[in-house]
Enquirer: 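Just passing along the structure, written as structure tokens.
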Amino acid sequence: MKTKHLLTTLTAAAAALPLSALAHVGADGGGHHNFLDSLSHAFAHPFTGADHLAAMLAVGAWSALTVTPAWRAPAAFVALLVAGALAGFAGLWVPGVEPMIAASVLVLGLLVAVQKKMPWVLAAALAGVFAFFHGAAHGFELAGDTGWAAVGALTGIALGSGLLHVCGMVLGKAVMQRHQWAAKLGGGATAALGAFILTKLA
């Protein structure tokens, strides 16, 4: 019953999110001015794009299903996400951000669908490469924050992303590991979203 309630809650939350998967068009104005404001704004940021949301849930689910220990790929994702965000804050232009984000959604969805196993080092490296581009997009959009506000923004991004990974891991362990069709359906839908975004970018 708890699993069913969790799924209902996550589904409702996902339905409430804007499906603006191509919303990384520039800075959001930044300037949240203090640590707590920036932290809360940045914490919500990974939830506001379907591509970020899907990729981070997929990392958690895939890790729970196939990677041992399961926490290492998500940890690598968060670490490289922060590195990418720092690059974005610094105004560093990272080429291919949008295609790489779309590709991450496609690839991670396929990995969940087929439950592809690989050594944790490779899994962490793959997750980390994708994470850097997600982080660069977040950092560029939140680049108006400086000082403690920037620290709050980085902390918020890391915490929001980490929460999505945990949700993905719970879904992977509690649902997808028990019901193979759920992994195939969820992974397939995620991959389809990535393919759709790529066609829009072409």
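By convention here, the first residue in the shown sequence is residue 1.
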Enquirer: Examine Val129 and Val82 and state if one hydrophobic cluster contains both, with Ile, Leu, Val, Met, Phe, Trp and Tyr joined whenever side-chain heavy atoms are less than 4.5 Å apart.
Expert: yes
Enquirer: Given 3.5 Å as the limit, does a donor-acceptor pair link the side chain of Ser161 with the main chain of Ala158, or not?
Expert: no
Enquirer: Under 4.5 Å between any side-chain heavy atoms of Leu163 and Phe43, yes or no?
Expert: yes
Enquirer: Below 4.5 Å, heavy atoms only, C-beta onward: do Gln115 and Met176 meet side chain to side chain?
Expert: no
Enquirer: Just grab all the ring-ring contact (aromatic ring centres under 6.0 Å, His included) pairs involving residues 104-133, residues at least two apart or on different chains.
Expert: none
Enquirer: Rounded to the nearest 0.5 Å, how far apart are CZ of Phe77 and NE2 of His134?
Expert: 4.5 Å
Enquirer: Please tabulate, for the side chains in residues 56-67, all donor-acceptor contacts under 3.5 angstrom to protein atoms that are two or more places apart in sequence or on a different chain.
Expert:
| residue | atom | partner | partner atom | Å |
| --- | --- | --- | --- | --- |
| Trp62 | NE1 | Thr66 | OG1 | 3.0 |
| Trp62 | NE1 | Lys116 | O | 2.8 |
| Ser63 | OG | Val59 | O | 2.7 |
| Thr66 | OG1 | Trp62 | O | 2.8 |
| Thr66 | OG1 | Lys116 | O | 3.3 |

Enquirer: About how many Å separate NZ of Lys184 and NE2 of His179, when rounded to the nearest 0.5 Å?
Expert: 14.5 Å
Enquirer: Tell me whether the rings of His45 and His138 are parallel (<30°), tilted (30 to 60°) or perpendicular (>60°).
Expert: perpendicular
Enquirer: Closest approach of Trp148 and Phe35, non-hydrogen atoms and distance?
Expert: O-CD1, 3.5 Å
Enquirer: If every non-hydrogen atom of Leu106 is compared with every non-hydrogen atom of Ala191, which pair is closest and at what distance?
Expert: CD1-O, 3.3 Å
Enquirer: Check whether Val170 and Val78 end up in the same hydrophobic cluster, where Ile, Leu, Val, Met, Phe, Trp and Tyr are linked by side-chain heavy atoms less than 4.5 Å apart.
Expert: no
Enquirer: Give me the atom names and distance for the closest heavy-atom approach of Ala50 to Leu193.
Expert: O-CD2, 3.8 Å
Enquirer: Looking only at heavy atoms, which two atoms of Pro74 and Ala70 are closest? And how far apart?
Expert: CD-O, 3.1 Å
Enquirer: Please name the pair of heavy atoms, one in Ile101 and one in Ala137, separated by the smallest distance, quoted to 0.1 Å.
Expert: CD1-CB, 3.7 Å
Enquirer: Between Leu111 and Leu81, is there shared hydrophobic-cluster membership here, with clusters defined by ILVMFWY side-chain heavy atoms closer than 4.5 Å?
Expert: yes
Enquirer: Can you see which heavy atom on Val112 is nearest to which on Ala183, and at what distance?
Expert: CG1-O, 3.7 Å
Enquirer: Could you grab the distance from atom CG of Leu108 to atom CG of Leu126, nearest 0.5 Å is fine?
Expert: 6.5 Å
Enquirer: Tell me whether Val105 is reachable from Leu201 by hopping between hydrophobic residues (I, L, V, M, F, W, Y) whose side-chain heavy atoms are closer than 4.5 Å.
Expert: yes
Enquirer: So, Thr190 side chain and Gly109 main chain: donor-acceptor pair closer than 3.5 Å or not?
Expert: no
Enquirer: When rounded to the nearest 0.5 angstrom, what is the spacing between CG in Leu159 and CG in Leu164?
Expert: 11.5 Å
Enquirer: So do Phe89 and Leu154 actually touch side chain to side chain, heavy atoms under 4.5 Å?
Expert: yes
Enquirer: Shared ILVMFWY cluster between Leu86 and Met100, side chains joined below 4.5 angstrom?
Expert: yes
